[in-house]
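Only one structure is covered here, and it is reproduced in the block below.
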Amino acid sequence: MEKLQPVRGTHDILPDEHEQRRFITNQIADLASCYGYNEIATPIFEFTEVFQRTLGDTSDIVSKEMYTFEDRSGESITLRPENTAGVARALISNGLTQSLPLKFFYSGPMFRYERPQKGRLRQFHQVGVELLGVQETLGDIEIISLGAESLSKLGLLEKTRLEVNSLGDKESRLNYREALVGYLSQHSKSLSEDSLRRLSSNPMRILDSKEDSDKEILRNAPNISEFLNEESASFFAKVCAGLDKLGIVFEINQQLVRGLDYYCHTAFEFVTDELGSQGTVLAGGRYNDLVEMMGGVPTSGIGWAAGIERLASLTHFTSKKQRPISVIPIGDNALEKMLPIISSLRKSGFTIDLGFRGNLSKRMKRANLLNSCYAIIIGDDEIAKSLAVFRNLDTGDQHEVLLNQLHAELTRLLPNSGIKN
RNA sequence: GCGGGCGUAGCUCAGCUGGUUAGAGCACCUGAUUGUGGUUCAGGGGGCCGUGGGUUCAAAUCCCAUCGCUCGCCCCA
């Protein structure tokens with residue numbers, strides 16, 4: 001509660017910034033809608049087990065990044081660190097497995113207890129999609145394509161590169177894991193402290209270590225591709241072929257390992273070099289075991305999430321807002337006369353600002369400050385003649401318009417304003 | 001959890017080898033302009049110099065602690 005600051009790692013989103021974020025969200029939501037994805041919203045907190053059971057005890061999220069607390073009835077509650085587990089839970093809770101396949105889009109805040117830095121917050125926001133009940137490679141291809149198009153629509157595709165990898169099915173992964181542990185154990189003396197710890201808990205995560213000493217050892221480590229069984233290998237090959245067919249450029253990164261336990265087969269990340277070490281902008285993968293892990297019927301799934309703050313910091317945005325029209329009544333009579341007219345203009349969809357106080361000069365200043373395009377000025381002289389002074393604030397030209405012609409005049413001058421439907 | 005940088009006006013910052021009443025630009029308010037904005041001019045309000053302690057005749061300035069912000073590591077969106 002020191003000095004009325006927001007909690008560390010959280011920020012107020014003021015109107016200018018919010019407009020950009022809403023724009024980004026809408027762009028992706030519209031695109032997802034074209035792909036047939038429907039918006040879903042799950043609670044921003046869940047019982048802790050929802051995340052604990054699915055993300056994996058050894059994942060960083062569960063081991064040190066969860067916002068967990070006890071509520072008044074003693075239940076352990078966790079603010080969602082990501083939304084895939086919540087969507088999977090909702091699928092089960094609502095018996096939606098009857099109507100597979102399902103395509104979901106979501107957006108909203110996520111929470112992770114981390115040290116904030118550039119592109120990383122404790123409360124951040126994601127948009128994401130989940131495709132449930134599709135085990136065909138067509139699902140992987142559609143999801144990655146939707147990710148690529150989302151970035152493209154925001155003009156960010158050329159700022160990122162797509163990396164993909166296959167983690168294979170369970171059998172392939174176990175075989176690989178064994179081989180990897182065998183290899184790394186021979187070099188355990190030279191491994192970094194963190195990697196050494198992961199050797200027993202989560203050895204695959206050592207693959208994306210950034211320690212030079214680890215990288216050196218990893219250079220000769222076995223590759224996952226050599227351990228994919230026939231089914232997994234052909235699955236991955238089909239995904240890659242599909243991406244090629246769609247003209248989606250990607251590179252295979254065998255070190256790419258997603259941090260969460262529930263991933264299998266396809267894993268992918270769109271990364272940029274423009275955000276320091278937080279380069280991942282949009283990332284996801286396949287999670288065929290997740291729903292079953294939560295106690296539902298086996299249901300395959302694939303999806304991705306993108307960080308809105310990261311997208312926003314890569315995007316140059318200019319406001320798309322309508323410039324307002326300032327109505328400036330002088331005196332109580334004029335105000336009374338204009339109130340119903342203002343109300344009617346607003347109902348027609350025009351953006352009207354009625355400065356709340358001040359003389360003509362003050363109100364003109366406000367009109368200028370708001371970047372209004374026109375000022376409609378009316379005083380006793382004008383009332384007597386049932387008209388208003390209509391001033392173009394860019395040119396300074398002004399002319400008189402009958403009050404009953406105001407709507408027509410604005411419609412003529414601002415054909416793109418007004419209610420669309 | 002670990003390391004670096006920084007906390008002075010609403011914002012961006014100057015001042016810091018200690019020395020009157022702490023400054024600038026932008027923003028804000030008032031007036032020139034009581035029926036006309038942007039430009040200009042004149043004036044004005046605003047600061048526990050992050051907080052606590054220490055050194056000193058004297059601290060925004062030096063030292064320590066603490067809190068906050070920020071950047072990086074780990075990891076992730």
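Here is the naming used below: chain letters follow the sequence lines, and residue numbers restart at 1 for every chain.
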Using a cut-off of 4.0 Å on non-hydrogen atoms, how would the nucleic acid contact of A:Asn371 be classed: base, sugar-phosphate, or nothing? nothing
Any-strand Watson-Crick or G-U partner of B:U30, both distances under 3.5 Å: B:A42
A side-chain contact here means heavy atoms from C-beta on lying under 4.5 Å apart; do A:Lys238 and A:Leu138 qualify? no
Using a heavy-atom cut-off of 4.0 Å across all strands, would you classify A:Gln398 as base, sugar-phosphate, or nothing? base
Flag side-chain contact, heavy atom, 4.5 Å: A:Arg161 against A:Val249: no
Nearest listed nucleotide, side chain of A:Ile377, among B:C69, B:U36, B:C71: B:U36
Base, sugar-phosphate, or nothing: which does A:Arg366 touch, judged by heavy atoms less than 4.0 Å apart? nothing
Counting Watson-Crick and G-U wobble pairs only, both distances under 3.5 Å, name the nucleotide matched with B:C16, or none. none
base_contact_polar (B:G35 base, A:Glu382 side chain, donor-acceptor, <3.5 Å): yes
Please give the nucleotide sitting opposite B:U36 as a Watson-Crick or G-U wobble pair, both distances under 3.5 Å, or none. none
With C1' as the reference atom in both, quote the distance from B:C75 to B:C2 in angstrom, rounded to an integer. 14 Å
Using whole Å, report how far CG of A:Leu360 lies from P of B:G35. 7 Å
Using the side-chain heavy atoms of A:Phe124, tell me which of these nucleotides is nearest: B:A77, B:C71, B:U36. B:A77
When the P atoms of B:A59 and B:A14 are compared, how many Å lie between them, rounded to an integer? 24 Å
Atom-to-atom span, CZ of A:Phe51 to C1' of B:A77 - whole angstrom: 15 Å
How is A:Ala283 classified with respect to the nucleic acid when contacts are heavy atoms under 4.0 Å: base, sugar-phosphate, or nothing? sugar-phosphate
List the steps and the verdict of salt bridge (Lys or Arg N to Asp or Glu O under 4.0 Å) for A:Glu409 and A:Arg412. CA-CA 5 Å; A:Glu409 181 73 353; A:Arg412 186 175 70 78; 3.1 Å; yes
Polar pair under 3.5 Å, donor/acceptor by atom type, side chain A:Arg310, base B:C76: yes
For B:A58 versus B:G18, give the span between their P atoms, rounded off to a whole number of Å. 15 Å
Taking the side chain of A:Leu369 as its heavy atoms from C-beta onward, which of B:G72, B:C28, B:G35 lies nearest to it? B:C28
For the student: nearest non-hydrogen atoms of A:Glu17 and A:Asp12, plus distance: OE1-O, 4.2 Å
Could you work out the separation of B:G50 and B:C6 based on their P atoms and round it to a whole Å? 14 Å
Side chain of A:Arg120 - closest among B:G35, B:C75, B:C76: B:C75
Scan A:Gly128 against the nucleic acid and name what it touches under 4.0 Å (heavy atoms): base, sugar-phosphate only, or nothing. nothing
Rounding to an integer number of Å, can you tell me how far A:Ile376 CD1 sits from B:G37 P? 18 Å
If you look at every strand shown and take non-hydrogen atoms under 4.0 Å, does A:Asn83 touch a base, only sugar-phosphate, or nothing? nothing
Going by modelled atom types, is there a donor-acceptor pair between the base of B:G3 and the side chain of A:Arg115 at under 3.5 Å? yes
I would like to know whether A:Thr78 and A:Thr68 meet side-chain hydrogen bond (donor to acceptor under 3.5 Å, both in side chains); could you show each step before the answer? CA-CA 4 Å; A:Thr78 295; A:Thr68 298; 2.8 Å; yes
Looking at B:G35, B:G37, B:A77, which one has an atom nearest to any side-chain atom of A:Glu114? B:A77
Starting at CZ of A:Arg112 and ending at P of B:G1, how long is that distance when rounded to a whole Å? 18 Å
If you assign A:Glu269 and A:Pro116 each to the RNA chain B nucleotide with the nearest heavy atom, which residue ends up on the more 5' nucleotide? A:Pro116
Got A:Thr48 and A:Met66 here, is their nearest side-chain heavy-atom distance under 4.5 Å? yes
What integer distance in Å separates A:Asp394:CG from B:U36:C1'? 15 Å
For B:G7, which nucleotide in any strand shown is its Watson-Crick or wobble partner with both distances under 3.5 Å? B:C67
Of the nucleotides B:G35, B:U36, B:C76, which one has an atom closest to the side chain of A:Arg391? B:U36
With P as the reference atom in both, quote the distance from B:U21 to B:C49 in angstrom, rounded to an integer. 14 Å
Considering only atom C1', compute the distance from B:A60 to B:U51 and round it to an integer number of Å. 14 Å
Are the side chains of A:Ser150 and A:Leu146 in touch, meaning some heavy atoms are under 4.5 Å apart? yes
OP1 or OP2 of B:C76 sitting under 4.0 Å from any side-chain N/O of A:Thr280? no
Expressed as a whole number of Å, how far does the P atom of B:G25 sit from that of B:U66? 39 Å
Verdict with reasoning, A:Asn83 to A:Thr42, per side-chain hydrogen bond (donor to acceptor under 3.5 Å, both in side chains): CA-CA 8 Å; A:Asn83 206 14; A:Thr42 65; 2.9 Å; yes
To the nearest angstrom, the OH-C1' distance between A:Tyr262 and B:C76 comes to 12 Å
Given A:Ile28, A:Leu31, A:Leu131, the one that forms side chain to side chain contact (heavy atoms under 4.5 Å, CB included) with A:Tyr37: A:Leu131
Atom-pair distance (CG on A:Asp353; P on B:G37), nearest Å: 17 Å
Checking base pairs now: Watson-Crick or wobble, both atom distances under 3.5 Å. What partners B:C48? none
If only side-chain N and O atoms of A:Gln117 are considered, is one of them under 4.0 Å from the OP1 or OP2 phosphate oxygen of B:G72? yes
Walking RNA chain B from its 5' end, the first of A:Leu121 and A:Lys362 to be reached, judged by nearest nucleotide, is A:Lys362
Provide the distance between the two P atoms, one in B:C16 and one in B:A22, to the nearest whole Å. 16 Å
Atom pair distance, as rounded to whole Å: CE in A:Met110 and C1' in B:C76: 14 Å
Which nucleotide in the set B:C75, B:G35, B:G38 lies at the smallest distance from any side-chain heavy atom of A:Glu65? B:C75
Given that both distances must come in under 3.5 Å, which nucleotide forms a Watson-Crick or G-U wobble pair with B:G72? B:C2
